[in-house]
Amino acid sequence: IEGGDARAGVASDDIQVVSTDGRFRVIGPVRLSSPVITPNGDGRNDAADVMFDLYGVIGAPVRVDVHDLSGRRVTTVEDRIADAGPVSVRWDGSSDGDTVPPGLYLLRIEIDVDEGTLIRVQPVAVAY
């Protein structure tokens, strides 16, 4: 970063910043209301709220799936078009209306942007 005239062709005293060290982050950190779901109907941790932020997108397809550890898709939690901002979805530990078996699952967040398909994965456990 250099102060003053950034380039001779630009008559201003603005600062110009050029960077190639990092990639623009589209999907922010994934936060869970609870890392363990206990879908037993007692009102405590019966579901997990999955929260993340999207940056720099307008009208991008976003999909949140749940996979088991073998990679098989268990269910789709969200499949919609989204803009930049906070996203919150809820998974209640079910697939097609039935409670999934106890174990470790992977929440897979996928967004299609000009750069391609970006993916973020977050583990969540189911116990009861």
J.: Are Asp65 and Val77 close enough that some pair of their side-chain heavy atoms sits under 4.5 Å apart?
T.: no
J.: Output, in order, the C-alpha distance, side-chain angles, deciding distance and verdict of side-chain contact (heavy atoms from CB on, under 4.5 Å) for Val87 and Leu54.
T.: CA-CA 7 Å; Val87 176; Leu54 295 177; 3.8 Å; yes
J.: Would you check if the side chain of Ser33 reaches a backbone N or O of Asp49 as a donor-acceptor pair within less than 3.5 Å?
T.: yes
J.: At what distance, to the nearest 0.5 angstrom, does CZ of Arg90 lie from CD1 of Ile37?
T.: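 One finds 9.5 Å between CZ of Arg90 and CD1 of Ile37.
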J.: Nearest 0.5 angstrom please: Arg31 CZ to Ser88 OG, how far?
T.: 8.5 Å
J.: In chain order, what residues pass the side chain to side chain donor-acceptor pair (under 3.5 Å) check against Arg80, with sequence neighbours excluded?
T.: Glu78
J.: Is there a path of hydrophobic side-chain contacts, each under 4.5 Å between heavy atoms of I, L, V, M, F, W or Y residues, that connects Val36 with Val124?
T.: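 Not linked; separate clusters.
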J.: Mind checking whether Met51 and Val57 sit in one hydrophobic cluster, side chains of I, L, V, M, F, W, Y counted as touching below 4.5 Å?
T.: no
J.: Please report the closest heavy-atom contact between His67 and Val74, naming both atoms and the distance.
T.: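 For His67 and Val74, the tightest heavy-atom pair comes out as C-CG2, 4.0 Å.
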J.: When the side chains of residues 99-108 are checked against the rest of the protein, which donor-acceptor pairs come out under 3.5 Å, sequence neighbours left out?
T.:
{"unit_1": "Tyr105", "atom_1": "OH", "unit_2": "Pro101", "atom_2": "O", "d": "2.6"}
{"unit_1": "Arg108", "atom_1": "NH1", "unit_2": "Glu110", "atom_2": "OE1", "d": "2.3"}
{"unit_1": "Arg108", "atom_1": "NH2", "unit_2": "Glu110", "atom_2": "OE1", "d": "3.4"}

J.: For the residue pair Val126 and Trp91, establish whether any side-chain heavy-atom pair is separated by less than 4.5 Å.
T.: yes
J.: Within a reach of under 6.0 Å around CG of Asp96, are more than 12 heavy atoms found that belong to other residues, nucleotides or ligands?
T.: no
J.: Is a donor from one side chain sitting under 3.5 angstrom from an acceptor on the other, for Thr76 and Arg63?
T.: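 A pair is found: one side chain offers a donor N or O, the other an acceptor, under 3.5 Å apart.
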J.: Consider only side-chain heavy atoms of I, L, V, M, F, W and Y, link residues closer than 4.5 Å, and tell whether Ile109 and Leu69 are in one cluster.
T.: no
J.: Quick check for you: to the nearest 0.5 Å, what is the distance between Leu118 atom CG and Ile111 atom CD1?
T.: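 That separation rounds to 7.0 Å.
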J.: Heavy atoms only: give me the nearest Ala48-Ser34 pair and the separation to one decimal.
T.: CB-O, 3.9 Å
J.: Taking salt bridge (Lys or Arg N to Asp or Glu O under 4.0 Å) as the test, write out the residues that go with Asp83, two or more places apart.
T.: none
J.: Starting at OG of Ser94, measure out to CG of Asp46 and round the result to the nearest 0.5 Å.
T.: 11.5 Å
J.: So, Asn45 versus Thr38: side-chain donor-acceptor pair below 3.5 Å or not?
T.: no
